[in-house]
Amino acid sequence: MHQQIAERLTAWQGQQLRDLPWREEPAGARDPYTVWVSEVMAQQTRLSVVAAYFSRWMERFPTLVSLAGADRQEVLKLWEGLGYYSRARNLHKAAQIVVLKFDGRLPQTRAELITLPGIGEYTAGAILSLAFGQHEPLLDGNAKRVISRLWDIDARIDLRSTENRLWRLSRKMVEAASAPGAMNEGLMELGALVCRRRSPLCDSCPVQSYCLAHERGVQELRPVRAPSQKVPHVEFVAAIIWEDVPGQSRVLISQRPEKGLLGGLWSFPNGAREPEEEDSQASVRRAVDQNLGVEVKVGERVATVEHAFTHFRMTLDAFHARITAGKPQAVGAADWCWTTLDEIEKLPFPVPDRKIIAALREFA
Ligand code: SF4
């Protein structure tokens, strides 16, 4: 059965694959660097969004060696808006390690690949099968859904035992495949296009006759998910500290510490509101003091920005501000500088700060 499913997925992949810039070569014989970058970009991100980022990235960093020699800020700038910035930092770090330890070529074993920052079991499987044509399994969200339905797995998907079982089944399929790269890609693509989370298109499915969940009419109940938890909401404040008159001079930005959320990116000095603080202005004063060790006078509100991260939603209120005492120092920030609204374009910022910059341009 593994072999029949593998062959059908391979044949289907040959006919149905979406045209994307990293798929110019056949699966199993692609450039390993291309596979690596595209797979890392595609994690948690829609492929239609990834395509434009990928093309820009490849224009600027066409080879692993060119990425290894790049400036970290430029790497983050090219990633700006894609989110999960540790992915970009890890790509950069891993490229440098590959140049130092592996002569600039990605290694061809799972054991070596997963020693590199940001390369886990999934990405290793993608590189080994899609670039080197090896019979190595992979498991992304789409592949997990398809396998859970094919074998009608009724255990919760978040359990380690279920994960192990899914890996075993994925391995059996790829080991039975004549073209492992095409089979793996077909498996993921089937999950994206046909075996969708809601309303799977079973009548167009090449493996319907092998699908236990379809036979039992329970496909929409697979995979079995953990009960969903409410995403917390956090209120943040940010200070737009002007050197002179608001909108007409330089503004202060700080760089986030390398480790942690949005590490290495620039932002307007900010912090979460504390419950005991009487108003947003008090929160701004405290946040600026913690980041830069200065006192500020807080002025009018510039913008209110809503944004959803994976683990929380934020509402960010940004206020004009002026320093009234002290000289800025990188207390809670990695660095800081004065910049103009024109120069600011050269630096990488998270999406909420980009929205603030857009609001500032309306003022200017
Ligand atoms: Fe998914 Fe339906 Fe195909 Fe089963 S038959 S693998 S549920 S699309």
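Order of appearance sets the numbers: ligands from 1, and atoms from 1 within every ligand.
- Within the 3.5 Å criterion, the main-chain N or O of Glu163 finds no donor-acceptor partner in the side chain of Lys144.
- Contact between Val284 and Phe319 at its shortest, heavy atoms only, is CG2-CD1, 3.7 Å.
- By the neighbour-count criterion of 12 heavy atoms within 6.0 Å, atom CG of Asn164 is densely surrounded, having more than that number from other residues, nucleotides or ligands.
- Checked by atom type and distance alone, the side chain of Gln108 never pairs as donor or acceptor with a backbone atom of Phe132 at under 3.5 Å.
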Report the C-alpha separation of Thr339 and Arg250 in whole Å, then their side-chain angles, then the decisive distance to 0.1 Å, and conclude whether the side-chain contact (heavy atoms from CB on, under 4.5 Å) test is met.
-> CA-CA 5 Å; Thr339 185; Arg250 297 196 303 169; over 6 Å; no
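- Residue-and-atom listing of protein N/O/S atoms under 2.8 Å from atom 4 (Fe) of ligand 1, sorted by chain and number: Cys211 SG.
- For the pair Arg105 and Phe102, the cation does not sit on the ring face, since its NZ or CZ is not both under 6.0 Å from the ring centre and inside 45° of the axis.
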